[in-house]
Asker: 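What follows is a structure written as structure tokens; I'll ask about it next.
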Amino acid sequence: MNPGAGEGQPKSSVPLPDKATLRAELQAARTGRAPDLQLASHRTERALAACAGASVVAAYVARAGEPETAALIESLHRSGVRVLLPVLTTQPDWAWYTGVDGLAPGPRGIDQPTGARLGPQALAQADWIWLPGLAGTPDGRRLGTGGGWYDRALTHDRGDARRGLLLFDDEVLAEIPVDAWDQPVDLLVTEHQSLRCSPR
């Protein structure tokens, strides 16, 4: 994997790996990564600063190995921000976060809210959308975890909602493979930086 390139650097002539190969490499790196609570806290602080002022934020409950989101979700909730979380069905769906007691294990062991389902159009209420992913580039390309759930979900946002991607530092890459349906992001947030991407 190549580290993120600075603006103006030439692109590598090395052929890009396909999505499946790159995902496998990145997932393996996450599996072998030791948790660091202090660095996770730094990323959470950056994420909270990025979405400050939003009244509705769409987020997700991180799985083991992903950048942690529990503190972000709970901090937003306690500050009065309404938080939408995914309900993982074959088609995008959402429900409100009401606290940790309102979560239950869903598909693939991912916790999800147990309240009323709001449908895919609920995402149009969000001022800010935090997305999962395995890598991102400085120009806003995102490598998701596969399946296209979020690419379908994002077709229901209201157009001016900001999109952020939570990553580890070494997951900001110079290049990643993308397809026509892949949805871009506006901001990459890692332990040590918040990187604004090229305008969508």
Side-chain angles (χ1 to χ4, degrees), residues 40 43-63 66-98 103 106-107 110-113 115-168 171-172 176 178-190 193-200:
R43 182 172 45 242
T44 297
E45 290 171 5
R46 294 175 193 281
L48 287 168
C51 62
S55 59
V56 176
V57 171
Y60 62 96
V61 178
R63 292 183 288 175
E66 290 184 317
E68 191 265 347
T69 60
L72 170 63
I73 293 167
E74 186 62 17
S75 294
L76 290 167
H77 178 64
R78 290 185 178 182
S79 68
V81 176
R82 302 178 76 195
V83 180
L84 283 167
L85 293 180
V87 177
L88 296 174
T89 58
T90 54
Q91 294 302 314
D93 205 347
W94 303 86
W96 295 113
Y97 175 72
T98 58
L103 298 176
I110 303 172
D111 284 349
Q112 61 185 30
R117 297 185 179 186
L118 305 172
Q121 69 281 356
L123 188 60
Q125 299 181 60
D127 307 301
W128 189 279
I129 305 167
W130 289 109
L131 306 172
L134 291 167
T137 64
D139 62 359
R141 286 168 287 166
R142 166 183 166 268
L143 180 68
T145 56
W149 193 96
Y150 270 91
D151 292 315
R152 294 191 299 275
L154 289 170
T155 63
H156 297 279
D157 77 5
R158 68 181 192 208
D160 63 345
R162 306 294 287 170
R163 303 172 181 175
L165 180 58
L166 301 174
L167 297 171
F168 296 101
E171 294 171 344
V172 178
I176 58 174
V178 293
D179 292 301
W181 56 82
D182 289 326
Q183 296 279 342
V185 297
D186 302 293
L187 184 74
L188 310 181
V189 177
T190 75
Q193 64 177 333
S194 295
L195 181 61
R196 296 196 178 278
C197 304
S198 304
R200 282 192 277 134

Asker: To the closest 0.5 Å, what do you measure between CD1 (Ile110) and CG (Leu85)?
Answerer: 11.5 Å
Asker: At what distance, to the nearest 0.5 angstrom, does CG of Leu187 lie from CG of Leu166?
Answerer: 9.0 Å
Asker: Using the salt bridge (charged side-chain N to carboxylate O under 4.0 Å, His left out) criterion, which residues pair with Asp127? Sequence neighbours excluded.
Answerer: Arg158
Asker: Please round to the nearest 0.5 Å and tell me the distance separating atom CD1 of Ile129 and atom NE2 of His156.
Answerer: 11.5 Å
Asker: Is the closest side-chain heavy-atom distance between Arg82 and Gln125 below 4.5 Å?
Answerer: yes
Asker: For the residue pair Gln183 and Asp157, establish whether any side-chain heavy-atom pair is separated by less than 4.5 Å.
Answerer: no
Asker: Give the minimum heavy-atom separation between Leu131 and Val185, together with the two atoms involved.
Answerer: CD1-CG1, 3.4 Å
Asker: Do the side chains of Pro86 and Gln112 get nearer than 4.5 Å, heavy atoms only?
Answerer: no
Asker: Look up atom CD in Glu45 and atom CG in Leu72, then write down how far apart they are to the nearest 0.5 Å.
Answerer: 11.5 Å
Asker: What heavy-atom pair brings Leu188 and Gly136 nearest, and what distance separates the two atoms?
Answerer: CD1-C, 3.9 Å
Asker: Taking Arg152's backbone N and O only, do any of them form a donor-acceptor pair with Thr155's side chain (distance below 3.5 Å, no angle check)?
Answerer: yes
Asker: How far does CD1 of Ile176 sit from CZ of Arg141, to the nearest 0.5 angstrom?
Answerer: 6.0 Å
Asker: Find out whether Thr137 and Val178 are in side-chain contact, i.e. whether some heavy atom of one side chain is under 4.5 Å from a heavy atom of the other.
Answerer: no
Asker: Specify the closest pair of heavy atoms between Val61 and Glu66, including all atoms of both residues, with the distance to one decimal.
Answerer: O-OE1, 4.4 Å
Asker: For the residue pair Glu68 and Thr44, establish whether any side-chain heavy-atom pair is separated by less than 4.5 Å.
Answerer: yes
Asker: Looking at Arg43 and Leu167, would you say the former's side chain and the latter's main chain have a donor-acceptor pair under 3.5 Å?
Answerer: yes
Asker: Is there a side-chain contact between Leu48 and Ser79 (heavy atoms, below 4.5 Å)?
Answerer: no
Asker: Is Asp151 close to Asp179 at the side-chain level, that is, under 4.5 Å between some pair of heavy atoms?
Answerer: no
Asker: Looking only at heavy atoms, which two atoms of Pro92 and Pro120 are closest? And how far apart?
Answerer: O-CB, 3.4 Å
Asker: Do you know which two heavy atoms are closest between Ala62 and Thr69, and how far apart they sit?
Answerer: N-OG1, 3.0 Å
Asker: Quick check for you: to the nearest 0.5 Å, what is the distance between Trp130 atom CH2 and Leu76 atom CG?
Answerer: 9.0 Å
Asker: Applying ring-ring contact (aromatic ring centres under 6.0 Å, His included) between Trp149 and each of Tyr60, Trp181, Trp94, report the one that passes.
Answerer: Trp94
Asker: What is the minimum heavy-atom distance between Ala47 and Val189, and which atoms define it?
Answerer: N-CG1, 4.0 Å
Asker: Would you say Val56 and Trp96 make side-chain contact, with heavy atoms under 4.5 Å?
Answerer: yes
